[in-house]
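As the structure lists them, so they are numbered: ligands from 1, and atoms in each ligand from 1.
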Amino acid sequence: MSKLEKSTIEKALTALSGWALADDGLSIKRVYKFGDFNAAFGFMTRVALMADKMDHHPEWFNVYNKVEMTLTTHDAGGVTQKDIDLATFCQTASGQ
Ligand SMILES: C[C@H](O)[C@H](O)[C@H]1CNC2=NC(N)=NC(=O)C2=N1
């Protein structure tokens, strides 16, 4: 899958609440906050199952109710449609 142009990524991000292009332009990022650890881990579980189905896995860091996420496509060296698709799923799975 090929790397998307910066303008294409920015256009796709307008439909994705809270997601932003990283300063180096190589990934998209978002921090999710939930009510508690149970809600955060439920979200991570839903995303993990979908990510494995897509063979496209997030970089993420969790502390209690906070999940920091970075999506990039290592094979392509940047952001691809797979990252946009996984971020779109995160939006549904988080309800945010
Ligand atoms: C071998 C395997 O298909 C690859 O390593 C997949 C797995 N998950 C992946 N996840 C992400 N985010 N980027 C990749 O390039 C990627 N590649």
Side-chain angles (χ1 to χ4, degrees):
M1 185 164 286
S2 57
K3 204 169 134 169
L4 299 174
E5 296 290 334
K6 191 177 181 198
S7 60
T8 309
I9 299 166
E10 280 168 348
K11 196 175 165 207
L13 290 182
T14 62
L16 286 170
S17 145
W19 286 89
L21 189 59
D23 290 343
D24 63 9
L26 298 177
S27 63
I28 56 172
K29 293 173 171 273
R30 171 164 182 176
V31 179
Y32 282 102
K33 272 214 165 171
F34 297 91
D36 55 21
F37 178 75
N38 188 299
F41 206 78
F43 164 75
M44 292 177 78
T45 303
R46 292 188 288 281
V47 172
L49 295 173
M50 176 55 78
D52 213 37
K53 226 182 253 181
M54 292 169 68
D55 192 28
H56 197 66
H57 304 88
E59 294 171 30
W60 52 12
F61 179 77
N62 162 242
V63 178
Y64 183 51
N65 64 340
K66 192 171 85 175
V67 184
E68 297 175 9
M69 298 188 72
T70 300
L71 302 181
T72 188
T73 305
H74 308 112
D75 300 354
V79 178
T80 66
Q81 187 59 43
K82 277 193 169 185
D83 299 302
I84 303 299
D85 292 348
L86 188 54
T88 303
F89 180 79
C90 288
Q91 184 156 276
T92 306
S94 66
Q96 297 179 29

Practice problem: Calculate, to the nearest 0.5 Å, the distance between atoms CD1 and CZ belonging to Ile28 and Arg30 respectively. | Solution: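 Spacing of CD1 (Ile28) from CZ (Arg30) equals 11.5 Å.
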Quiz item: Crowded around Glu5 CD? As in, over 12 foreign heavy atoms under 6.0 Å?
Solution: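 No.
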Exercise. Could you tell me which residues satisfy ring-ring contact (aromatic ring centres under 6.0 Å, His included) with Phe89, sequence neighbours excluded, listed by chain and number?
Key: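 Counting only residues at least two positions away or on another chain, Phe89 forms no ring-ring contact (aromatic ring centres under 6.0 Å, His included).
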Practice problem: Fit a plane to each ring of Trp19 and Tyr32, take the angle between them on a 0 to 90° scale, and name the class: parallel (under 30°), tilted (30 to 60°) or perpendicular (over 60°). | Solution: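 Perpendicular.
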Quiz item: Measuring from each atom of ligand 1, which residues have a heavy atom under 4.0 Å away?
Solution: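 Around ligand 1, where the cutoff is 4.0 Å for heavy atoms, the contacting residues are Asp55, His56, His57, Thr72, Thr73, His74, Asp75.
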Exercise. For Asn62 and Tyr64, indicate whether the former's side chain and the latter's backbone hold a donor-acceptor pair under 3.5 Å.
Key: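 Yes, because the side chain of Asn62 sits within donor-acceptor range (under 3.5 Å) of the backbone of Tyr64.
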Self-check item: Same apolar cluster: Ile84 and Met54, side chain cutoff 4.5 Å
Solution: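 Ile84 clusters together with Met54.
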